[in-house]
Every structure is written in C-alpha cells, then in structure tokens.
Q: 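Questions regarding the structure given below will be posed in turn.
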Amino acid sequence: MHNPASNATPVGRHLLADFYGVAPEPLRDESLLTSLLLRVLGDSGFHILSHRSAKFPGEESGATVMVLLSESHATIHTYPEFGYAAIDIFSCGDSSPEQALAGLQAALEPQECQISTHARGRLPVPDTRGTRNF
C-alpha cells in the first residue's frame, strides 16, 4: 500500500548533536556560548528574534543558551564536568542547521560528535487526481 506521507515535503529539519570531549572552560562561559551561537546562526542565514541564557550556580557549572528564530529555535546546554554539550537546531526555512553546527564544531573542537537530523512534520501533498496532463 502506498503511503502518501512518503511524498510529502517536511515542514522542517531538526538537527540534534552531542559533542563529547570539549574543553571545560568554554562550556562554563555563558557569554562566549551566547555570542558563539548567535554568530553561527547569523552566518548560516537564520533570523534571530530573541535569546536567553543562564549560567548555573557554581564556578564549575555549565550554561544554557536558547535562541528564538523566525525559522524556529536553537539551543545549547553544557556539562563542563563531562566535557559535553547538547545542541538542538530546528529550521523550517532555507537556513542551514548543518552550517551552524559546523561553526559550533570548529569553535568548540569536540573530540567526538554524534549528529542526527530528523524531518519534522509534512506539508500536504497536492491532490492531482482528476487532473489531466495534455
């Protein structure tokens, strides 16, 4: 049986990345993480609407940065004690989550990356039944 959803265009792409083996210092630096995420998103064609960040209590703790985009959102959440960063970039536009991720990867220099990209949602497929092609 044919699945009509298989012909559908996704609404967007959701990129998830796990960075391992990152030096702890940049993962503790809320200001650096914020400016880095804003820069790579802007360089990748995203339109930034607003952003928020938080540094968790304690000198050795990590930070979270969230960016609201006209295309959707991007986040980074860090665990310096494990050398780990969790990254999430969702785009429903033509902007490139992969390009933004490459910028983060170049700056944070993880020893290992696990990356997955997921098609999200689907746009309706036009019904062409009864349409004639001459």
Side-chain angles (χ1 to χ4, degrees):
M1 182 171 171
H2 176 68
N3 178 1
S6 66
N7 294 333
T9 301
V11 172
R13 292 183 329 277
H14 199 166
L15 184 145
L16 304 173
D18 294 317
F19 283 6
Y20 298 97
V22 179
E25 294 77 22
L27 299 182
R28 292 184 188 112
D29 190 333
E30 176 187 358
S31 178
L32 172 88
L33 292 167
T34 300
S35 62
L36 174 60
L37 188 55
L38 292 173
R39 179 179 55 81
V40 301
L41 291 167
D43 289 350
S44 301
F46 286 94
H47 301 91
I48 296 165
L49 299 176
S50 66
H51 68 278
R52 295 287 306 239
S53 64
K55 170 81 167 98
F56 296 99
E59 189 73 23
E60 303 300 311
S61 297
T64 291
V65 181
M66 299 181 299
V67 180
L68 180 63
L69 305 165
S70 63
E71 298 84 1
S72 193
H73 71 271
T75 66
I76 183 168
H77 188 77
T78 68
Y79 300 80
E81 66 273 27
F82 303 120
Y84 172 68
I87 297 159
D88 167 1
I89 306 171
F90 181 34
S91 174
C92 61
D94 294 329
S95 305
S96 174
E98 295 80 10
Q99 183 180 342
L101 183 68
L104 292 172
Q105 200 168 353
L108 295 176
E109 301 179 325
Q111 293 175 3
E112 179 188 345
C113 299
Q114 291 182 339
I115 301 164
S116 61
T117 303
H118 307 271
R120 299 294 307 266
R122 63 178 182 258
L123 297 175
V125 177
D127 186 355
T128 57
R129 294 176 294 180
T131 303
R132 292 187 191 178
N133 294 325
F134 292 100

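Note that the numbering runs from 1 along the sequence shown for the chain.
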Q: Measuring from atom OG of Ser95 to atom CD1 of Ile89, what distance do you get when rounded to the nearest 0.5 angstrom?
A: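 If I round to the nearest 0.5 Å, the distance is 10.5 Å.
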Q: How long is the gap from CG on Leu16 to NE2 on His118, to the nearest 0.5 Å?
A: 4.5 Å
Q: Working to the nearest 0.5 Å, report the span between CD1 of Ile76 and CG of Leu36.
A: 7.0 Å
Q: Any heavy-atom pair between the side chains of Leu123 and Val11 that's under 4.5 Å?
A: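 SC-SC contact between Val11 and Leu123 confirmed.
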Q: Kindly give the heavy-atom pair with the smallest separation between Ala85 and Thr78, and that separation in Å.
A: CB-CG2, 4.2 Å
Q: If every non-hydrogen atom of Ser53 is compared with every non-hydrogen atom of Val65, which pair is closest and at what distance?
A: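 So the minimum-distance heavy-atom pair works out to CB-CG2, 4.0 Å.
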Q: Give the minimum heavy-atom separation between Val22 and Leu108, together with the two atoms involved.
A: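 Looking at all heavy atoms of both residues, the closest pair is CG1-O, 3.5 Å.
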Q: Tell me, with the steps shown, if Thr117 and Glu98 meet side-chain contact (heavy atoms from CB on, under 4.5 Å).
A: CA-CA 9 Å; Thr117 303; Glu98 295 80 10; 4.1 Å; yes
Q: Answer whether the closest heavy-atom distance between the side chains of Leu104 and Leu37 falls below 4.5 Å.
A: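 A side-chain contact exists here, since the closest heavy-atom pair is under 4.5 Å.
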Q: Report the C-alpha distance between Leu27 and Phe82 in whole Å, list the side-chain angles of each, state the deciding distance to 0.1 Å, and finish with yes or no for side-chain contact (heavy atoms from CB on, under 4.5 Å).
A: CA-CA 10 Å; Leu27 299 182; Phe82 303 120; over 6 Å; no
Q: Is there a continuous path of hydrophobic side-chain contacts, each under 4.5 Å between heavy atoms, that joins Leu32 to Leu38?
A: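 Per the 4.5 Å side-chain linkage, Leu32 and Leu38 are not co-clustered.
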Q: Measure the acute angle between the ring planes of Tyr79 and Tyr84, then classify it against the limits of 30° and 60° as parallel, tilted or perpendicular.
A: tilted
Q: Between atom CD of Gln105 and atom CD1 of Ile87, what is the distance when rounded to the nearest 0.5 Å?
A: 8.5 Å
Q: Any idea which heavy atoms bring Ala119 and Pro10 closest together, and the distance?
A: CB-CB, 3.8 Å
Q: Using side-chain heavy atoms (C-beta onward) and a distance below 4.5 Å, is Lys55 in contact with Ser61?
A: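 Counting from C-beta outward, Lys55 and Ser61 do come under 4.5 Å.
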Q: Decide yes or no for His73 and Val67: does some side-chain heavy atom of the first lie under 4.5 Å from some side-chain heavy atom of the second?
A: no
Q: With Arg13 as the cation and Phe90 as the aromatic partner, state whether NZ or CZ is under 6.0 Å from the six-membered ring centre and within 45° of the axis.
A: no
Q: Write out all pairs satisfying ring-ring contact (aromatic ring centres under 6.0 Å, His included) with one or both partners inside residues 23-46, taking only residues at least two apart or from two chains.
A: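 Residue pairs with at least one partner in residues 23-46: there are none.
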Q: Tell me the closest heavy-atom pair linking Leu41 and Ala100, and the distance in Å.
A: CD2-CB, 4.1 Å
Q: The test is side-chain contact (heavy atoms from CB on, under 4.5 Å); show your working for Arg28 and Glu60 and say whether it passes.
A: CA-CA 7 Å; Arg28 292 184 188 112; Glu60 303 300 311; 2.6 Å; yes
Q: Nearest 0.5 Å, what's the OG-NE2 distance between Ser72 and His47?
A: 14.5 Å
Q: Might you work through the side-chain hydrogen bond (donor to acceptor under 3.5 Å, both in side chains) test for Thr75 and His77, ending with a clear yes or no?
A: CA-CA 7 Å; Thr75 66; His77 188 77; over 6 Å; no
Q: Shortest non-hydrogen contact from Ala74 to Leu69?
A: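 Smallest heavy-atom distance, with atoms named: N-CD1, 4.1 Å.
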Q: Look up atom CD in Gln114 and atom OH in Tyr20, then write down how far apart they are to the nearest 0.5 Å.
A: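 Nearest 0.5 Å value for the CD-OH distance: 4.5 Å.
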Q: Once side chain to side chain contact (heavy atoms under 4.5 Å, CB included) is applied, do any residues pair with Glu59, and if so which ones, sequence neighbours excluded?
A: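 If we apply the side chain to side chain contact (heavy atoms under 4.5 Å, CB included) test to Glu59, skipping adjacent residues, there are no hits.
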